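Before any comments, here is the structure.
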Amino acid sequence: MPELPEVETVRRGLEALVVGKTIESVTVTLGRIIRKPDDIEEFKLLLQGLTIEEVKRRGKYLLFSVGPYTLVSHLRMEGRYGLYNAEDEVEKHTHVIFHFTDGTELRYKDVRQFGTMDVLPRDDHSSLPGLYDLGPEPLEESFTVDALRHQVRKRRSGKIKALLLDQTFVAGLGNIYVDEVLFVSGIHPEANVTQLTDEQVVKLQRAIVDVLTHSVNLGGSSIKSYVNGYGSEGQMQHELRVYGHEGEPCPVCGTEIAKTRVAGRGTHFCPTCQPELG
DNA sequence: CGTGTCACCTGACAGC
DNA sequence: TGCTGTCAGGTGACAC
């Protein structure tokens, strides 16, 4: 489900709702969500009695700082968090519950069961591939045109869309925002990275920063990024230019938005504003 | 190295 | 009312 803006929205909500709370116990009803440690009982035991001190984010990962550990949570397609009271009815697809000493509980729901949780030594992420492998964080100041050009020129081949989806290339972009970023940049999703001009790299860097920043400010796209029991919704879905708009006129030139498959993912673009290169 | 395909799951939806 | 196939905001394993 969520890409960087949605995960950041969830992070902010969690920060407000659970920082300072102490975990009394943990319930796990779907073992496959928990990856490290191997033993679910150990996972529960490690967290028991600890207080959540911080909620951070790296790429699409949520990082809870708890005592000597970091609880790493990835929502994958449909993971959601909600804060409830202990007496509230437990909804379908609830797989993990953190019971707090104040009578509230943080519940993790995940219809498709793809999400993961790992307990690692605090701020030592070296044991989790996918986390330590992450590319630059696009909303940090270090993500400059030079930084992106460096990433781009390292690659000897590959379609730009596949590259932007690669979390080791840039962290946090997913299928929605890659399509949006390429539209804003005027770059065809199948353009080969080696074809990109310096000017296009500049546009790409600016589009990544602008689109993500705008979306974070709107609380992310659509949806299901519930953090409280009531489901505060983002507003970015109303501002998507191409994603989900196949068959409709391009907001810039009026050409019909096309939908194809690139890098195995549904891909939306304007054939006029994003011409094929070479 | 790169790419495509499948797998992991459930649910929504289109078409018959 | 079914059934079947397809698709979904992600990622990792695998074969080529």
Side-chain angles (χ1 to χ4, degrees), chain A residues 1-11 29-36 57-62 72-81 91-96 108-118 127-135 151-182 189-195 211-212 215-216 218-227 231 233-247 259-268:
Chain A
M1 95 182 257
E3 306 177 33
L4 188 153
E6 292 75 37
V7 178
E8 177 60 20
T9 300
V10 171
R11 187 201 69 76
T29 48
L30 184 67
R32 74 163 64 93
I33 301 288
I34 313 303
R35 301 192 305 184
K36 289 173 195 278
R57 180 191 58 75
R58 175 82 171 94
K60 301 173 191 170
Y61 290 87
L62 288 166
V72 180
S73 170
H74 197 302
L75 306 172
R76 294 291 180 99
M77 297 291 268
E78 301 199 24
R80 308 178 196 180
Y81 280 103
E91 293 158 11
K92 204 175 171 186
H93 306 302
T94 300
H95 306 310
V96 182
Y108 178 74
K109 301 202 305 180
D110 190 341
V111 170
R112 292 175 73 182
Q113 310 179 8
F114 287 168
T116 59
M117 293 186 195
D118 293 86
S127 61
L128 198 65
L131 180 56
Y132 74 76
D133 277 345
L134 285 175
Q151 290 291 91
V152 165
R153 299 298 179 224
K154 270 199 310 200
R155 301 287 182 134
R156 292 167 56 226
S157 70
K159 294 175 182 172
I160 187 63
K161 170 146 183 171
L163 227 61
L164 294 176
L165 286 171
D166 179 349
Q167 300 300 295
T168 70
F169 184 78
V170 176
L173 291 170
N175 203 38
I176 292 179
Y177 295 108
V178 166
D179 282 2
E180 293 298 309
V181 160
L182 289 174
E190 303 202 59
N192 194 291
V193 64
T194 55
Q195 297 175 284
V211 168
L212 292 179
S215 184
V216 166
L218 290 180
S221 285
S222 39
I223 46 240
K224 305 159 183 172
S225 307
Y226 298 99
V227 179
E233 294 203 352
Q235 293 301 313
M236 183 65 185
Q237 67 275 19
H238 304 304
E239 308 211 4
L240 298 177
R241 319 280 286 279
V242 288
Y243 186 87
H245 291 288
E246 61 269 27
K259 183 173 181 188
T260 57
R261 191 157 284 267
V262 180
R265 315 292 301 275
T267 297
H268 315 71

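Lettering of chains follows the sequences in order, A, B, ..., and the numbering in each one begins at 1. If you're wondering where the values come from, they're calculated on a predicted model, not measured in any experiment.
In this structure, A/Asp166 places its CG atom 13 Å from C1' of C/dG10, rounding to the nearest Å. Remark: P of B/dA7 and CZ of A/Arg76 are 17 Å apart, rounded to the nearest angstrom. With rounding to whole Å, A/Phe169 atom CZ is found 15 Å from B/dC1 atom P. When rounded to the nearest whole Å, the span between CD of A/Glu78 and C1' of C/dT11 equals 15 Å. For the pair A/His245 NE2 and C/dG9 P, the computed distance is 14 Å after rounding to whole Å. Separating the CG atom of A/Leu165 from the C1' atom of B/dT5 is a distance of 16 Å, rounded to the nearest angstrom. The nearest whole Å value for the distance from the CZ atom in A/Arg32 to the P atom in C/dT11 is 19 Å. Spacing between atom CG of A/Asp110 and atom P of C/dG10 amounts to 14 Å, rounded to whole angstrom units.
Mapping A/His268 and A/Arg35 onto DNA chain C by nearest heavy atom places A/His268 at the nucleotide closer to the 5' end.
A distance cut-off of 5.5 Å between ring centres, combined with a plane angle under 30°, leaves A/Phe114 outside any stacking arrangement with the base of C/dT11.
Backbone-only contact: A/Gly174 has heavy atoms under 4.0 Å from sugar-phosphate atoms and none from a base.
Under 4.0 angstrom from either OP1 or OP2 of B/dT10 there lies no side-chain N or O belonging to A/Lys92. Phosphate contact (OP1/OP2 of C/dG10, side-chain N/O of A/Arg265, threshold under 4.0 Å): present. Of the side-chain N and O atoms in A/Tyr177, none sit less than 4.0 angstrom from OP1 or OP2 of C/dG9. Residue A/His93 has no polar side-chain atom (N or O) positioned under 4.0 Å from OP1 or OP2 of B/dC9. For A/Lys259 and C/dA8, the shortest distance from a side-chain N or O to OP1 or OP2 is below 4.0 Å.
The heavy-atom pair separating A/Pro5 from A/Gly220 by the smallest distance is CB-CA, 4.1 Å. Contact record, A/Met117 with A/Tyr81: CE-OH, 3.5 Å, taken as the closest heavy-atom pair. The minimum heavy-atom distance linking A/Val72 with A/Tyr61 is given by the pair CG1-CD2, 3.5 Å. Among all heavy-atom pairs drawn from A/Leu4 and A/Lys60, the shortest one is N-CG, 4.3 Å. Taking every heavy atom of both residues into account, A/Ile176 and A/Glu3 meet most closely at N-OE2, 2.8 Å.
For A/Ser157, taking side-chain heavy atoms from C-beta onward, the closest of the listed nucleotides B/dG2, C/dG9, B/dC9 is B/dG2. Here the nucleotide nearest the side chain of A/Lys60, chosen from C/dT11, C/dG9, B/dT10, is C/dT11. Proximity note for A/Gln167 (side chain, C-beta onward) versus B/dC9, C/dT11, C/dG9: the nearest is C/dT11. The side chain of A/Arg155 sits closest to B/dG2 out of B/dG11, C/dA8, B/dG2.
Among the candidates A/Asn192, A/Ile160, A/Asp166, the single residue satisfying the side-chain contact (heavy atoms from CB on, under 4.5 Å) test with A/Arg155 is A/Asp166.
A distance of about 22 Å separates the C1' atoms of B/dC1 and C/dG10, rounded to the whole Å. C/dT6 and B/dC6: their P atoms are spaced 11 Å apart (whole Å). A gap of 15 Å separates the P atoms of B/dA7 and C/dG5, to the nearest Å. Taking atom P in both B/dC9 and C/dC3, one finds a spacing of 23 Å when rounded to whole Å.
Under 3.5 Å, the side chains of A/Ser221 and A/Tyr243 contain no donor-acceptor pair of N or O atoms. Side-chain contact, A/His95 with A/Asp110: no donor N or O sits under 3.5 Å from an acceptor N or O.
When base pairs are accepted only as Watson-Crick or G-U wobble with both N-N or N-O distances under 3.5 Å, DNA chain B takes part in stems of 3 or more pairs at B:2-8 with C:10-16, B:10-16 with C:2-8.
Taking CG of A/Asp179 as the start and CD of A/Glu246 as the end, the distance is 10.0 Å to the nearest 0.5 Å.
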